[in-house]
Amino acid sequence: MAKLSTSMCQVLTKTAIENLGQRKIFTVVDVLQEDPKKLASISKLDFKDILTLRQALVSNYTPFPRQGLDAYNELMSNCSYIPTGIQKLDELLGGGFLTGNVFEICGLSGSGKTQLCLTVAANVALQMKKVVHLIDTKLDVSGKRIHSIIEGRESDEEVIGNTMEKILVTRVNNFYELYSFLYHLKNQLVREPGSVRLIVIESLPAVFLQYMGNYKMDSLGLLNNLASLVKYIAHEHYVSILIINLASIWVEEESAPLNDDSQMEPPVPHVDVKALLGKYWAHVPNTRLYIEQNGVPNGRKVTVMKSTHLALGSSCIVSITSDGVR
Amino acid sequence: MMDYQIKAESGRQLLARLSTRPGLGGLDERLLGPAGPLPHDVIEITGEPSVGKSVLALQWVARAILSPPRGGLGVEVLLIDADHHQPLFVLVRLLQSCMKAFMSKTPGLRLNSSLVETSIKDALKRLTIVSVYDSTNLYTALLGLDMMLLSKPQMSMVVIDSLPAFYWSDRLSGGLPHMDSYLKRLLTVLQNSTKQHKVTVVFTRPSHFQSAVPSRFRSKDDTVGSTRLITLSRVDDANTGESSKGSGTSLPRQNCQSTFCAVIRSAYGQSSHKYLINKDGLTWL
C-alpha cells in the first residue's frame, strides 16, 4: 500500500496530507475511494486540484499493460529450467525448477526436505556456477554438510572452494528480517539483473508459526505481503524460489454408526496429511512437491501435489546418501 | 405540460455508447449458452485450489483471441493477472488444444507446426496483460480500465485472475472486516469503469474468500454481484460427504484422476456439468 507523500503530485501539500490523515485517509487507495467533493473539503484543497491529484495517482500507479505477444516473447527468451542435478527429480519437473515460479517442498519432519534443498543448492552452484541464496530461518544450515555434498561430486579443492563461495547463506531470526532481506534482494536484482537465479527459503513455518495463534488475521496479512514480494521477484526477474514448508498429520475420528448391525467394521479414523500455513498459502506456490519416506531405507518419494504446469499425482523415487540426494 | 429532461453526455460516453464491440457468441456453448455471455455480464468462477478456475477462464481467453479461421472468435481480451500462476504457458497450451479440437471437427483443415505457431503469435497479439503486485496496483488498474477500454474498441472481455488476491494485506493495513463487502467494493469500482463499455467481465475467486457470517451486503444467493456464478468442485468430495474444507492443502490420494463438477447459476436457470482436467484444459464428460 502506497502512503501519501508530497512527492506524488505537485498539488499535494504537507498540510493537505495532515488534514487527510486526521480523517484516516493515509494511502493512495484511500484517496481514490473517497468522493472528490468530500476530499476537497477535508484537505482544504481546490476541487480542481483534487481531480488533478486523482488523475496523477491513477496514471502513476496503473501497472504497465503489455501486449500478449511481447510478454510471451520475453518469457520465452528469459525463461529456463534450472536443473536440480538430481536426475529423477529433473525428469519429474520436466527439466528442473522453472524460472519465474514459486515452488514449495513440504513434508513431515525428518522426510529429507533440508537434504533435498541443500543438494539442489550445491548442484546449482557447482554446475551452473550461479549464486544461490539460501535463507536460513532455523539457524541450522550446516556448511559442513554442503561441503560434503559438493565433495561427493567434485574432487578439485579449488572448485569446491569456489562453489562454496557461491552459496550465500543468510540467517534470519524473524519474519521481518526475512521480509527485509527479500526486499534487499529485489533491489539488488533491479541494479544487477540476472545476478540471482535461485533463492531457497529454508523453512517458512519456522518464522511464521508464532503468528498463527492469536493474531491469525494479521498473520494472513503478513503472508499476503510476503507472497506478493516473492511473486514479484520470481515473475519480474525470472528467479526460481524454493520454499520449504512443513506438513502435519490430521486424524479425524469418524463418528460411530448408530446401529451396530448394519455396519460391522469399526470406524476407521480418517488420516490426512496437510501442508502447514493454511488455506490462503495453499493457493500461493505454483507447484507444491510432497516428500515422504517410501519404506525403503533412505528412499524418498517425491509427489506433485499442486502445479500449474505438471501432472498432479506424478511422482519419483530418490534416495538420500552421504553425499546428498541422488 | 411535459417535463423535458435533457440528459447531458460527454463525448467519451457517446463514443462508448455508439461503438459496437465484437460479440462473444459461441464462446462456450455448454456453460454460457449459444449466444455466449452478453455485454455487461459479470461471470464469477469460484472453487477450491486446483479445480481449474484459472484454466476455465484461460480456456475462454484462448477461444476468444484465436482468429475465426482457426476456430476462435478473434476478439481482444484484457487479462489482469494478480495470482501469477504462469498464465501464458497455460494459455499457449490451451491455444494449441483449441486448434487441435477445431482441426478434428473441420475436415480438410491441416495445420503444420509452423502454421500453429504463427496462429498462436497472431492470437497473442489480441491479448493485453496487466500484472499487478499489490492492492494499489490492482485498484488503479481497475480505475484505469475506463481509459484502456476506450483506446481499444475491439476489446470485449476483461478477465481478472483472482480478484481478492490482496485482501489480507489490505486488511493488515486497516481495511474492511468482511470479505463479501471487500469484494463488493472492488466489483463496484470495476463495474463503474466498465459500465459504459459493452464488455463482459470474468473473475475468479478462491472459495474460502467468503465471509463466514453473511454480511448485510450479501444478497440472498451467494453471488457477490455477478450475473452468472460458476462453482467448480471435486465430485469425490461430495460423494463421501466429506466437507471440502481445506482439500487444497490435502494430498492427492491414489484417485488423483478425479472428476469435477461445474454448477452454473444465472437468471436463466441452473445446470451442472462434469469434467476432467488434463493438459488440454477442462474436458467435458
Side-chain angles (χ1 to χ4, degrees), chain A residues 1-2 24 26-29 32-33 57-69 71-72 75 98 100-102 217-218 220-225 228-229 231-232 234-236 247 250 270 272-276 278-283 286 290 303 305-309 311-314, chain B residues 49-50 54 65 77-79 83-86 88-93 120-137 139-141 143-144 148 162 165-174 185 189 206 208 242 245-246 248-252 254 256-257 277-279:
Chain A
M1 294 283 261
K24 296 217 161 105
F26 298 112
T27 64
V28 172
V29 174
L32 295 175
Q33 274 170 4
L57 292 181
V58 171
S59 56
N60 286 345
Y61 282 89
T62 303
F64 186 65
R66 278 188 299 182
Q67 197 214 50
L69 184 59
Y72 180 69
L75 190 65
L98 188 61
N101 274 274
V102 178
M217 293 304 164
D218 287 358
L220 286 167
L222 295 176
L223 213 48
N224 200 170
N225 286 343
S228 298
L229 179 61
K231 281 179 179 174
Y232 179 83
H235 216 68
E236 295 293 305
W250 293 66
H270 181 76
D272 208 1
V273 182
K274 285 180 180 178
L276 285 189
K279 269 195 249 175
Y280 167 69
W281 182 260
H283 185 71
N286 298 87
Y290 177 67
T303 314
M305 253 175 92
K306 167 197 193 303
S307 178
T308 44
H309 64 288
L312 293 190
S314 54
Chain B
S50 316
S54 311
I65 60 176
V77 174
L78 173 70
L79 174 67
D83 268 1
H84 310 291
H85 284 160
Q86 295 288 12
L88 271 175
F89 280 121
V90 183
L91 187 63
V92 167
R93 217 170 54 211
I120 288 176
K121 289 193 168 161
D122 172 60
L124 286 174
K125 279 184 194 157
R126 295 195 194 90
L127 178 72
T128 308
I129 302 177
V130 173
S131 298
V132 293
Y133 293 99
D134 65 26
S135 64
T136 315
N137 266 184
Y139 206 82
T140 46
L143 282 171
M148 161 99 69
S162 186
F166 307 108
Y167 172 76
W168 293 111
S169 66
D170 276 357
R171 196 170 158 144
L172 186 66
S173 44
R185 202 186 62 189
V189 177
H208 61 271
E242 179 195 325
K245 231 177 211 176
T249 46
S250 315
L251 296 176
Q254 262 61 33
C256 50
Q257 230 328 334
I277 301 181
N278 55 25
K279 66 176 194 355

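Naming: A, B, ... by sequence-line order, numbering from 1 per chain.
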- With A/Pro63, the side chain to side chain contact (heavy atoms under 4.5 Å, CB included) member among B/Asp134, B/Ile129, B/Thr140: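 For A/Pro63, the side chain to side chain contact (heavy atoms under 4.5 Å, CB included) test succeeds with only one of B/Asp134, B/Ile129, B/Thr140, which is B/Thr140.
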
With only heavy atoms counted, which part of [X] is less than 4.5 Å from chain A, the side chain, the backbone, both or neither?
X: B/Arg93; result: side chain
X: B/Ala165; result: backbone
X: B/Val77; result: neither

Contact class of [X] relative to chain B, heavy atoms under 4.5 angstrom:
X: A/Phe64; answer: backbone
X: A/Val28; answer: side chain
X: A/Tyr280; answer: both
X: A/Leu223; answer: neither

- Item | Side-chain heavy-atom pair B/Tyr167, A/Leu220 within 4.5 angstrom cut-off |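 SC-SC contact between B/Tyr167 and A/Leu220 ruled out.
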
- Using a 4.5 Å cut-off on heavy atoms from C-beta on, say whether the side chain of A/Tyr72 contacts that of B/Leu127.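 Side-chain contact under 4.5 Å: no.
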
- chain A: which of B/Phe166, B/Tyr139, B/Tyr133 shares the most heavy-atom pairs with it under 4.5 Å?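 Highest number of heavy-atom pairs under 4.5 Å: B/Tyr133.
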
- Nearest heavy-atom neighbours spanning B/Gln86 and A/Gly100: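 For B/Gln86 versus A/Gly100, the nearest heavy atoms are NE2-O, 3.2 Å.
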
- Over all heavy atoms of both residues, which pair between B/His84 and A/Asn286 is shortest? Give the atoms and the distance, please.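 It is O-ND2, 3.1 Å.
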
- Any sub-3.5 Å donor-acceptor pair from B/Lys121's side-chain atoms to A/Leu69's backbone N or O?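 It does not hold such a pair.
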
- Message: If I take atom CD from residue A/Glu236 and atom OG from residue B/Ser131, how far apart are they, to the nearest 0.5 angstrom?
- Response: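 Interatomic distance, A/Glu236 CD to B/Ser131 OG, rounded to 0.5 Å: 6.0 Å.
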
- Query: For the atom pair OG1 (B/Thr128) and CZ (A/Arg66), what is the distance rounded to the nearest 0.5 Å?
  - Reply: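 Atom-to-atom, B/Thr128:OG1 and A/Arg66:CZ are 11.5 Å apart.
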
